[in-house]
Amino acid sequence: MSRWQEPQAIAELAREITVVRRPNPITALYHWRYEIGALLVLPYALYSLFQAAGPIWGAVVLFGVANWLFYWRSARRFLRDRLRSIVVQHRLRTGFARARVCTLDGKLPVILWTKPRGDEIEVTVFCPAGVGYERIEQRRALLAAACFASDVHVYRHHKRADVVHLSVCTARLRKDAQEDEVKPARRYAGQPDGAAIPLPGTFAGIPRAARR
């Protein structure tokens, strides 16, 4: 090992043995926003329904809604994609921690935005100082395994080096499928890994909580 490679090896060893930091309370609330919203909204909605319609008609309404979701294909697909997007977020954070996609003091990237598109989950990630596109690209196979995905494609942001886009392919591979048949989502079609992709307009500014 040359003397130029020694600092990199020491930094890599320090990252491997570091303890991953817990997110600050604001970021933790943002991570669990869907679950918190469900715990707050669903009990209140059920209580209001049974108070307004009574137990019998309330049960009838719940049965009708469940039957509607079961037979309406678009609603069923929408609910499935949203649930899959939530699962991918949590699995991706776990993958970041286990694959040591973190700074030397254990700070993890923050997932800003996710959106399902067909068999893909588009993810926008804010990277703290010390983590960038190269680190995530090196760990893409481990991240794909953590997300139960076929592959993870990584793209740069066209203006900001601290923002990285991920396209998580959740489609199951057929037995006769080749590895090069796993393609990224429509938004990334024709873009090689590492290409510059514009940030969605919703997150043109990075939330202050993500900077902490």
Side-chain angles (χ1 to χ4, degrees), residues 20 22-98 108-126 143-153 165-175 177 182-189 199-210:
V20 176
R22 293 181 179 274
N24 64 68
I26 297 178
T27 305
L29 289 175
Y30 183 74
H31 289 171
W32 294 92
R33 61 193 182 279
Y34 297 110
E35 291 81 358
I36 294 174
L39 289 176
L40 294 177
V41 173
L42 288 180
Y44 177 76
L46 291 176
Y47 175 78
S48 301
L49 173 64
F50 283 101
Q51 283 291 106
I56 297 179
W57 284 107
V60 170
V61 171
L62 287 179
F63 177 79
V65 171
N67 190 60
W68 170 65
L69 289 175
F70 180 79
Y71 285 103
W72 191 15
R73 186 175 181 181
S74 298
R76 189 172 67 248
R77 186 187 300 115
F78 176 83
L79 182 62
R80 180 198 63 193
D81 290 344
R82 294 300 170 182
L83 292 176
R84 185 180 58 180
S85 178
I86 295 172
V87 171
V88 166
Q89 288 187 49
H90 292 303
R91 294 300 303 173
L92 196 57
R93 294 188 191 100
T94 302
F96 284 154
R98 299 296 184 267
L108 297 173
V110 178
I111 298 176
L112 299 177
W113 174 82
T114 57
K115 184 174 183 180
R117 289 182 181 270
D119 292 328
E120 305 283 332
I121 303 294
E122 296 184 7
V123 184
T124 300
V125 177
F126 173 76
L143 296 178
C147 297
F148 310 113
S150 305
D151 199 1
V152 172
H153 300 270
H165 299 280
L166 279 71
S167 180
V168 182
C169 179
T170 56
R172 294 184 178 181
L173 286 175
R174 302 187 309 272
K175 293 182 178 180
V182 182
K183 298 179 181 179
R186 199 176 291 176
R187 178 168 179 251
Y188 306 107
L199 185 69
T202 310
F203 288 95
I206 304 302
R208 185 174 298 177

Side chain to side chain, Trp72 and Leu79, heavy atoms closer than 4.5 Å: no

Contact summary for Leu49 and Gly58, nearest pair of heavy atoms: CD2-O, 3.9 Å

Spacing of CD belonging to Gln89 relative to OG1 belonging to Thr114, to within rounding of 0.5 Å: 3.5 Å

Gap separating the CD atom of Glu120 from the SG atom of Cys169, nearest 0.5 angstrom: 4.5 Å

Residue pair Phe96, Leu143: steps toward the side chain to side chain contact (heavy atoms under 4.5 Å, CB included) verdict: CA-CA 7 Å; Phe96 284 154; Leu143 296 178; 3.7 Å; yes

Residue Ile56 excluded, over 12 heavy atoms near CD1 under 6.0 Å: no

Note, Val60 side chain near Phe63 side chain (heavy atom, < 4.5 Å): no

Side-chain touch Leu62/Leu46, heavy atoms, less than 4.5 angstrom: yes

Leu166 and Leu92, any side-chain heavy atoms less than 4.5 Å apart: yes

Any donor-acceptor N/O pair, Ser85 side chain to Asp81 backbone, under 3.5 Å: no

Heavy-atom pair with the smallest gap, counting every atom of Cys147 and Val88: SG-O, 4.1 Å

Inter-residue atom distance Ile86.CD1 - Ile121.CD1, 0.5 Å rounding: 10.0 Å

Straight-line distance of Leu83 CG to Phe78 CZ, nearest 0.5 Å: 10.0 Å

Approximate separation, where rounding is to 0.5 Å, of Arg91 CZ and Arg84 CZ: 15.5 Å

Gly95 versus Ala146, closest heavy-atom pair with distance: CA-CB, 3.8 Å

Any donor-acceptor pair under 3.5 Å from Thr170 side chain to Asp119 backbone: yes

Minimal non-hydrogen separation, Pro116 against Arg82, with atom names: CD-NH1, 3.5 Å

Pair up each side-chain donor or acceptor in residues 31-39 with any protein partner under 3.5 Å, not counting sequence neighbours, and list the distances.
from: His31; atom 1: NE2; to: Arg93; atom 2: NE; distance (Å): 3.4
from: Arg33; atom 1: NH1; to: Tyr30; atom 2: O; distance (Å): 2.5
from: Glu35; atom 1: OE2; to: His90; atom 2: NE2; distance (Å): 2.8

